[in-house]
Amino acid sequence: MPELPEVEVTRRSFAQAIAGAQVTAVRMGKPLRWPLGGDGGALVGRSVSGVRRRGKYLLVDLDQGVLLVHLGMSGSLRFAQGLPPPGPHDHFDLVTTQGTLRLHDPRRFGAVVHAAGEADPVAAKLLGGLGMEPLSDDFSLDAFSRGIKASRVPIKQMLLGGKVVVGVGNIYASEVLFLSGIRPQTPSARIGPARMGRLHAAIRQVLERAVELGGSTLKDFSNADGAYGSYQAHANVYGREGAPCKVCGTPIKALRQGQRSSYFCPRCQRA
DNA sequence: CAGTGGGCCTGAGTGC
DNA sequence: TGCACTCAGGCCCACT
């Protein structure tokens, strides 16, 4: 589920509300993708100083250490007081003086990891190889272009890989390529300057727009207040196989790349 | 070394 | 109604 916009929308929905809170208890359900690291009891008494985002990770900063939260494919967070008793898919509760932060994740591809800091080997392993932040100032066309050109991997998979730029997942990769007029199968190294410029701009444009719209709710995504996103209704190609292209009317095509589906318009995306 | 594909999990949907 | 199968927003890692 959650790509960069959903994670950012989630962050914004509870960062203020949790700031300054002190952890009073931790509850864990079934194991998640990675172990918490240490005893949950070590979190009790810590206070939350803020919430940042790096790629698709949320970094819950504590007065000592940091909590890395990843939503995987099916995760979502809630932050509220008086949450109901945990259900079978609520696998982590951080109970604080200002409310409970709860991770709901049926597929359990998500994780909550407690690390001493970002430099802690456990955290560094997860955050180390990440590419540029697309919504930050370091996301220059120059660096992006160099990163992309260095590989012959199809551009769709290059974007998903996160080594050059983070946060572009399966939905937004298709949308970004549509706006840039590039086919998903195009080898990264074969993208020339004109299309590279459009691709770079489209990444920012699509992700910013998605954040404004609260992300995409395909099935069950909601932010920490329980609100749904609406970007999916604006998708040009994702999930629209056979439907007419919103620009030219040509039926949208689907294909599979590395076990993931990609969608594109054969007319608007010529090569 | 770059690149591909399996695997982690559960639930929803489809076709028989 | 039940079963077998496919697919779903991500990402690590073993293999070629």
Side-chain angles (χ1 to χ4, degrees), chain A residues 1-10 28-35 53-58 68-77 86-92 103-113 121-131 134 147-177 184-190 206-207 210-211 213-223 228-235 237-241 254-263:
Chain A
M1 137 203 204
E3 304 181 33
L4 183 148
E6 290 73 30
V7 177
E8 177 61 18
V9 162
T10 297
M28 289 185 274
K30 290 186 184 176
L32 293 162
R33 174 160 194 171
W34 299 301
R53 180 188 56 74
R54 177 73 178 100
K56 296 172 191 169
Y57 289 90
L58 285 174
L68 306 192
V69 180
H70 198 289
L71 302 178
M73 291 277 268
S74 60
S76 59
L77 290 175
H89 300 308
D90 295 327
H91 299 300
F92 184 85
L103 175 67
H104 175 83
D105 186 5
R107 290 176 71 183
R108 291 189 282 129
F109 285 180
V112 181
V113 175
V122 180
K125 186 178 175 186
L126 299 176
L127 303 175
L130 299 183
I148 293 296
K149 288 238 181 88
S151 169
R152 298 165 311 177
V153 169
I155 186 61
K156 166 80 177 334
Q157 284 162 253
M158 193 66 192
L159 293 174
L160 285 186
K163 298 300 176 201
V164 177
V165 59
V166 293
V168 184
N170 205 42
I171 299 178
Y172 299 117
S174 281
E175 295 301 314
V176 157
L177 290 171
Q185 315 94 305
T186 302
S188 303
R190 287 215 336 246
V206 166
L207 296 181
V211 170
L213 292 173
S216 293
T217 297
L218 290 191
K219 189 168 157 25
D220 54 13
F221 169 75
S222 61
N223 70 21
Y228 298 121
S230 63
Y231 186 90
Q232 71 284 355
H234 300 257
V237 291
Y238 184 84
R240 300 191 64 241
E241 181 177 12
L255 59 88
R256 287 190 77 74
Q257 295 176 284
Q259 349 282 46
R260 314 298 299 276
S261 50
S262 299
Y263 300 86

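Side-chain contact between A/Tyr172 and A/Leu4 is absent, with no heavy atoms from C-beta onward closer than 4.5 Å. Between A/Pro134 and A/Val166, the closest side-chain pair of non-hydrogen atoms falls below 4.5 Å. By the 4.5 Å heavy-atom criterion applied to side chains, A/Tyr238 and A/Leu218 are counted as neighbours. The closest side-chain heavy-atom distance from A/Leu71 to A/Asp105 is not below 4.5 Å. No side-chain heavy atom of A/Phe221 sits under 4.5 Å from any side-chain heavy atom of A/Glu3. The shortest side-chain heavy-atom distance between A/Thr186 and A/Leu177 does not fall under the 4.5 Å cut-off.
Nucleotides B/dC1 and C/dC11 are separated by 24 Å at their P atoms, to the nearest Å.
Within the model, atoms NZ of A/Lys56 and OG1 of A/Thr10 stand 13.0 Å from one another, a figure rounded to the nearest 0.5 Å.
We find that NZ of A/Lys156 is positioned 17 Å from P of B/dG3, with the value rounded to whole Å. Counting to the nearest Å, the P atom of B/dA2 and the CE atom of A/Met158 are 10 Å from each other. Taking atom CG of A/Leu207 as the reference point, atom C1' of C/dG9 lies 14 Å away to the nearest angstrom. Straight-line distance from the CE atom of A/Met73 to the P atom of B/dA12: 15 Å, rounded to whole Å. Distance CD (A/Glu175) to P (C/dG9): 13 Å, rounded to an integer number of Å. What separates CD of A/Gln257 from P of C/dG10 is a distance of 14 Å, to the nearest Å. Distance, A/Leu213 CG to C/dG9 P: 20 Å, rounded to whole Å.
Residues that satisfy the salt bridge (Lys or Arg N to Asp or Glu O under 4.0 Å) test with A/Arg53, not counting sequence neighbours, are A/Glu8, A/Glu133.
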Report all side-chain donor-acceptor pairs from residues 152-164 of chain A shorter than 3.5 Å, counting only partners two or more places apart or in another chain.
unit_1, atom_1, unit_2, atom_2, d
A/Lys156, NZ, A/Asn170, OD1, 2.8
A/Lys156, NZ, A/Ser261, O, 3.4
A/Lys156, NZ, A/Ser262, OG, 2.7

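Distances shorter than 4.0 Å separate some side-chain N or O of A/Gln259 from OP1 or OP2 on B/dG6. An OP1 or OP2 oxygen of C/dA8 is reached within less than 4.0 angstrom by no side-chain nitrogen or oxygen of A/Ser74.
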Handout entry: Full working for side chain to side chain contact (heavy atoms under 4.5 Å, CB included) between A/Leu213 and A/His234
Key = CA-CA 9 Å; A/Leu213 292 173; A/His234 300 257; 3.6 Å; yes
Practice task
Summarise how protein sits on nucleotides 11-16 of chain C as a single string, 5' to 3': B when a protein heavy atom is under 4.0 Å from the base, S for sugar-phosphate-only contact, - for no contact.
Solution key: BSS---
Pairs under 3.5 Å (N/O, protein and nucleotides 3-5 of chain C):
none

I'd like a table of atom pairs between the protein and nucleotides 9-11 of chain B - only N or O on both sides, under 3.5 Å - with the distance next to each one.
unit_1, atom_1, unit_2, atom_2, d
B/dC9, O3', A/Arg108, NH2, 3.0
B/dC9, O2, A/Arg107, NE, 3.1
B/dT10, OP1, A/Arg108, NH2, 3.0
B/dT10, O4', A/Pro106, O, 3.4
B/dG11, OP1, A/His89, NE2, 2.7

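Note on A/Tyr231: nothing from the nucleic acid sits closer than 4.0 angstrom, heavy atoms only. Using a 4.0 Å heavy-atom cutoff across all strands shown, A/Gly258 reaches no nucleic acid atom at all.
With A/Leu68 as the fixed residue, the side chain to side chain contact (heavy atoms under 4.5 Å, CB included) test singles out one of A/Leu58, A/Val112, A/Val122, A/Leu126: A/Leu126.
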Exercise for the section: Let me have DNA chain B in dot-bracket notation, would you? Count Watson-Crick plus G-U wobble pairs, both distances under 3.5 Å, and use [ ] for pairs crossing earlier ones and | for inter-strand partners. Expected result: .|||||||.|||||||
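In terms of modelled atom types and a separation under 3.5 Å, the side chain of A/Glu241 and the main chain of A/Tyr263 share no donor-acceptor contact. Here the side chain of A/His91 pairs a donor or acceptor atom with the backbone of A/Lys30 at under 3.5 angstrom. Side chain of A/Thr217 to main chain of A/Gly229: a donor-acceptor pair is present (N/O by atom type, distance under 3.5 Å, no hydrogens or angles).
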